[in-house]
Amino acid sequence: MEYNHKDIEKRWQQRWKDDSTYQVKVDREKPKFYVLDMFPYPSGAGLHVGHPLGYIASDIFARYKRQRGFNVLHPMGYDAYGLPAEQYAIQTGQHPEKTTTENIARYRSQLDRIGFCYDWSREIRTCDPGYYKWTQWAFIEMFNHYYDTALQKAQPVEKLVENFEARGSQGINAAESKHLNFTADEWKAMSEKEKSDVLMNYRIAYLGNSMVNWCPKLGTVLANDEVSEGVSVRGGYPVEQKVMYQWCLRVSAYAPRLLDDLDTLQWSESIKETQRNWIGRSEGAEMQFRIDGSDVEMTIFTTRADTVFGVTFMVLAPESKYVDLITTDGQRAAVEAYREEVKRKTERERLMDKKVSGVFTGAYAINPLSGKKIPVWVSDYVLAGYGTGAIMAVPAHDSRDYAFARHFDLPVVPLIEGADVSQESFDAKEGRMINSEGPELNLNGLEVKEAIARTKKFIEEKGIGRVKVNYRLRDAIFSRQRYWGEPFPVYYKDGVPHVLPLESLPLQLPEIDKYLPTETGEPPLGRAKNWATTEGYPLELNTMPGFAGSSAYYLRYMDPRNEDALVSPEANNYWRQVDLYVGGTEHATGHLIYSRFWNKFLYDLGKVCEPEPFRKLVNQGMIQGRSNFVYRIKDTNTFVSAGLRKQYDTTPIHVDVNIVSNDILDTDRFRAWRPEYATAEFILEEGKYICGWAVEKMSKSMFNVVNPDDIVERYGADTLRLYEMFLGPVEASKPWDTNGIDGVNRFLRKLWSLFWKGDTFLVTDDEPSPEALKSIHKLIKKVTQDIEAFSYNTSVAAFMICVNELAAAKCHSRSVLTPLVTLLAPFAPHISEELWHQLGNDTTVNDAPWPEWDEKYLVESSVKYPVSFNGKVRYTIEVPAGTDKDAVQAAALADPAAARWLDGKTIRKVIVVPSKIVNIVLS
RNA sequence: GGCCGAAUGGUGGAAUGGUAGACACGAGGGACUUAAAAUCCCUUGGCCAUUAGGCUGUGUGGGUUCGAGUCCCACUUCGGCUACCA
């Protein structure tokens, strides 16, 4: 029998499906293990060979854990809501659901061919009403809770209301949008609408005016992580800042816990660091500056409390509410003009434009420590969204303040001994303070750190300010002016928002005729007919963002068809959390923050039993494309081989990598590729046309997309799986290069030839030779350790070595081949399953227990010690295995070859090190 | 600007501080074959040498060590993420 991958893979994939081999149930007899891939957005382009990299790695681990006796949950589903399907719908009128369903079908067939051990009975789609019911449910719960900062926990809003009824706003510890002060009587006197507004200030899901990233081209707002360098991540369209009344999630309330709990996670340091930066904890102080001749007090935030004596001016963000309060009549026109100018600029223009700009408000503030009058300016280098939107400017020790001061000719007062501020600011937090003496506080002579602490203490005592920890993490904007997303379970009664009762969920996405905003500028849902409750109250027109559906999907897999809860306590208590999560780093500041937040919220409610969703995270690298080029001689239809192109004036042209093999162009297929090349002529080198190559992003336009289907068709899924792993470490980014896949395929055929020669089944019950035993035990040890360490490329290499050794030893012994096939099963499940059954087993190879290695087969009978002098290996001595250290030393000293190297010198010492090296040090 | 990571043959990549370059591709040579494919064997970091063997070698410069690709310091280059964050 020949190795026929098509027959084997088709047959076993069918068997696994028929037998439901990979379905799992809660089984309290067995330990659980939860392996999860980040579920894909099913794009129209289908999978390329880069996508399955992480899936293959996690599949190997899932199968391995199953063979180790774990009950393994390994599900898959689709992040089905998203912009591309909607953009496509706008262009073509095709319902996004139709596009999405088709794309999912394509993804599924591509995934199926690779032979994953997913439990497809647990498949979920975020756009499925049975699923998004629970997204809406979570939103309602967030609406009905506030965050208690003393308990560090979400609490029902009713508790807050009780407090208001009894004591007003006094004594509450709640995360809030702004600080409110009212009495119980004032609360009781409020209208329905006023009460609603007050509660919005505390709810975890709340409606609020906030500065949003508005993308006019996409017609929607975007979250911070959906914007990069002033343009939208999807599409790259310009984004502007705008205040809008939007649904938001109070993620910021969870910032301290999101930060602290990072330490409990087995994630890469780099991704934890990225999250730490994104959360952006900074310890500093809030301080009040009174406006001269007014009772307005402006609050600023600073991490450099020590530099207050160097504050020579203050700056407000153009959007700051203080601007209206303090601008003098004389300056009002100029300030308004400036604000208009800033407003017109997009975020990108604002970032690009490095020119310093700003305008004086006409007002002066009083420095609370020195008592000096300092001017207050407005400039767009101060952001409304961070801190309080107002800063104290210390030009001597902050480069942005310095640039501003130089531009507008404001004074620069150095505060640190020896700091030269004639050319640039001195930003380092070190040195001794000078020029820092006021009527009540003297910092001169202190180190910066001491000065910060002293100032903080002083301002707290004097009531000028307070120590404050500030977080950069913003609340998540949760509204999208889109159609293809989860509808909010919200209706408006007399303008007051209410959530729908839980029994009425899911609130299904209505049909609409066009997917554009309405003529009046309302979101697409404004087009839906009868978009109201049965009582006729209008429903919310926005939909939820992409991250809503992906924030708790890992919980739903535990209990995917439960109609009464997101996940039952039984299922959740058994599966608990994801033990291994595999996916790309691009979600570091998006999905991976939102999921943690969402999970912590549900944890506070007692709905889930683990405070973190993903215990261990592995980030697979990106697979880049490897493009091929042909070189056309200018103004001809003649193409010259890469090695000869320097002799001509040529233009490189991307050529489809699928008609190139080992960089050699298939010239016939090239002529057939496109009509304009039908008459192409070639200048060959050594009879071949060699293409040039470059590493680029994998994309259609570069003609470097490799479809896994083609690889599976030609070499089989097992070869694809092994090759993707063999390419390099899972975490590393690397270009896809199909050259070299033959080596892996050759390995599988060699493995096959241990079992079959022609139609003869070679397997015997003979006792294996010591070499064969050593070979297989070496493999067991290596593969076991490598899988645990997620080092699959070296595992594949170890398989190749073992098979080569067994072939050389002509070993066909069942007792060696059985563990070999068992070990290979996670990597190449189809061929392993086939051979496993040929060895006479009936169960699936995935239930074959993982073999254990025995060190006794790995011991050498004699050991060779390289002997080195001063670090250089000179010769080798051989001693029986087990020889102790002293005997090795004696043997080394007695070896006549040593004399050759001693050369009159004396031996200072002899060191026997663990790695079988004897090191002789001469003096 | 900030943070993180990387740098090893023609290529992808191996090396708990202990014989650098495993494994694979590619390349060269050979066997089998009418031929091709497939398969098998040999060579393959560089330099010198007929061989034996020698020298040299992990981005650069220093350091620690009996011993450094690996640890420390400085630098260079390249990637990734992030950014007027006060």
Side-chain angles (χ1 to χ4, degrees), chain A residues 225 228-230 268-278 280-282 284 300-304 307 315 317 350-351 353-354 356 379-383 385-394 397-401 403-404 427 470-474 585-586 588-589 619 621-622 624 626 662-663 693 722-723 726-729 731-744 746-747 749-750 753 782 785 791 793-801 804 807 864-876 908-923:
Chain A
D225 68 283
S228 183
E229 293 180 6
S268 73
E269 236 359 90
S270 74
I271 206 154
K272 285 204 253 184
E273 200 53 34
T274 304
Q275 289 212 346
R276 285 189 193 109
N277 290 340
W278 190 258
R281 183 180 197 271
S282 65
I300 58 94
F301 175 78
T302 181
T303 53
R304 292 295 301 273
T307 59
V315 188
R350 196 170 146 164
L351 287 172
D353 194 0
K354 295 277 180 204
V356 176
S379 173
D380 65 358
Y381 85 88
V382 174
L383 304 177
Y386 184 74
T388 61
I391 63 153
M392 60 177 216
V394 188
H397 303 289
D398 182 286
S399 53
R400 294 153 303 172
D401 297 345
F404 194 84
D427 290 17
N470 211 18
Y471 292 92
R472 198 177 74 92
L473 184 68
R474 309 260 50 90
T585 51
E586 66 272 21
T589 54
N619 297 114
M622 293 265 282
Q624 295 139 299
R626 187 179 186 277
N662 288 346
D663 293 336
W693 62 274
L722 283 168
Y723 186 57
F726 187 62
L727 223 43
E731 293 92 336
S733 287
K734 58 235 161 204
W736 175 268
D737 183 358
T738 311
N739 301 345
I741 195 167
D742 291 315
V744 170
R746 208 166 284 154
F747 154 72
R749 293 204 305 268
K750 255 184 215 170
S753 70
K782 176 77 177 148
Q785 292 174 346
S791 170
N793 55 333
T794 49
S795 275
V796 178
F799 276 112
M800 292 177 175
I801 295 169
N804 278 338
K864 286 176 184 165
Y865 283 87
V867 176
S868 67
F869 296 102
N870 294 339
K872 281 214 194 288
V873 173
R874 304 295 184 169
Y875 68 103
T876 304
R908 189 150 54 115
K909 56 180 165 176
V910 177
I911 305 161
V912 181
V913 289
S915 67
K916 293 190 282 185
I917 287 190
V918 180
N919 207 325
I920 293 181
V921 185
L922 303 177
S923 56

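The basis for the numbers below is simple: all heavy atoms, side chains too, and nothing from hydrogens, waters or symmetry mates. Throughout, protein chains are lettered first and strands after them, A, B, ... in sequence-line order, and every chain is numbered starting at 1.
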Using whole Å, report how far [atom1] of [X] lies from [atom2] of [N].
{"X": "A/Phe726", "N": "B/G13", "atom1": "CZ", "atom2": "C1'", "result": "8 Å"}
{"X": "A/Gln785", "N": "B/A14", "atom1": "CD", "atom2": "P", "result": "17 Å"}
{"X": "A/Arg749", "N": "B/A38", "atom1": "CZ", "atom2": "C1'", "result": "8 Å"}
{"X": "A/Arg626", "N": "B/G12", "atom1": "CZ", "atom2": "P", "result": "9 Å"}
{"X": "A/Glu731", "N": "B/G79", "atom1": "CD", "atom2": "C1'", "result": "16 Å"}
{"X": "A/Trp278", "N": "B/U82", "atom1": "CH2", "atom2": "C1'", "result": "8 Å"}
{"X": "A/Gln624", "N": "B/C78", "atom1": "CD", "atom2": "C1'", "result": "12 Å"}
{"X": "A/Asn739", "N": "B/G10", "atom1": "CG", "atom2": "C1'", "result": "13 Å"}

To the nearest 0.5 Å, tell me how far [X] [atom1] sits from [Y] [atom2].
{"X": "A/Tyr723", "Y": "A/Phe747", "atom1": "OH", "atom2": "CZ", "answer": "15.5 Å"}
{"X": "A/Asn804", "Y": "A/Phe799", "atom1": "CG", "atom2": "CZ", "answer": "13.5 Å"}
{"X": "A/Asn739", "Y": "A/Arg626", "atom1": "CG", "atom2": "CZ", "answer": "5.5 Å"}
{"X": "A/Tyr386", "Y": "A/Ile391", "atom1": "OH", "atom2": "CD1", "answer": "12.0 Å"}
{"X": "A/Asn793", "Y": "A/Leu722", "atom1": "CG", "atom2": "CG", "answer": "12.0 Å"}
{"X": "A/Tyr865", "Y": "A/Asn919", "atom1": "OH", "atom2": "CG", "answer": "13.5 Å"}

Span that lies between the [atom1] atom of [M] and that of [N], in whole angstrom:
{"N": "B/G45", "M": "B/C81", "atom1": "C1'", "value": "35 Å"}
{"N": "B/G12", "M": "B/A7", "atom1": "P", "value": "12 Å"}
{"N": "B/C78", "M": "B/G67", "atom1": "C1'", "value": "31 Å"}
{"N": "B/U65", "M": "B/U16", "atom1": "P", "value": "24 Å"}
{"N": "B/U51", "M": "B/G69", "atom1": "P", "value": "28 Å"}
{"N": "B/G17", "M": "B/C71", "atom1": "C1'", "value": "8 Å"}
{"N": "B/U19", "M": "B/A68", "atom1": "C1'", "value": "14 Å"}
{"N": "B/A24", "M": "B/U77", "atom1": "C1'", "value": "28 Å"}

Name the nucleic acid region contacted by [X], choosing base, sugar-phosphate or nothing; use a 4.0 angstrom heavy-atom cut-off, strictly under.
{"X": "A/Asn804", "value": "sugar-phosphate"}
{"X": "A/Leu727", "value": "sugar-phosphate"}
{"X": "A/Pro729", "value": "sugar-phosphate"}
{"X": "A/Val382", "value": "base"}

Does [N] pair with anything, Watson-Crick or G-U wobble, both distances under 3.5 Å, and if so, with which nucleotide?
{"N": "B/U34", "result": "none"}
{"N": "B/G26", "result": "B/U44"}
{"N": "B/A49", "result": "none"}
{"N": "B/G1", "result": "B/U82"}
{"N": "B/U19", "result": "none"}
{"N": "B/U77", "result": "B/A6"}

Could you work out which one of [options] sits closest to the side chain of [X]?
{"X": "A/Ile801", "options": "B/G12, B/A22, B/A86", "value": "B/A22"}
{"X": "A/Thr794", "options": "B/A14, B/A24, B/C3", "value": "B/A14"}
{"X": "A/Asn919", "options": "B/G12, B/G67, B/A14", "value": "B/G67"}
{"X": "A/Lys750", "options": "B/A24, B/C40, B/C84", "value": "B/C40"}
{"X": "A/Ile917", "options": "B/C81, B/U19, B/C85", "value": "B/U19"}
{"X": "A/Arg400", "options": "B/A14, B/G12, B/A86", "value": "B/A86"}

Check whether any side-chain N or O of A/Arg472 sits under 3.5 Å from a backbone N or O of A/Asn277 as a donor-acceptor pair, and report yes or no.
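A pair under 3.5 Å: yes.
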For A/Ser282, does its backbone N or O pair with a side-chain atom of A/Asn470 as donor and acceptor, under 3.5 Å?
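Checked: no pair found.
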Short side-chain N/O contact from [X] to OP1 or OP2 of [N], under 4.0 Å:
{"X": "A/Arg474", "N": "B/C85", "result": "no"}
{"X": "A/Arg746", "N": "B/U39", "result": "yes"}
{"X": "A/Arg472", "N": "B/U82", "result": "no"}
{"X": "A/Asn277", "N": "B/G1", "result": "no"}
{"X": "A/Asn793", "N": "B/A14", "result": "yes"}

Is B/G9 in the syn range, within 90° of 0, or in the anti range?
syn
Pick the closest RNA chain B nucleotide for A/Lys734 and for A/Val796 by heavy atoms, then say which residue is nearer the 5' end.
A/Lys734
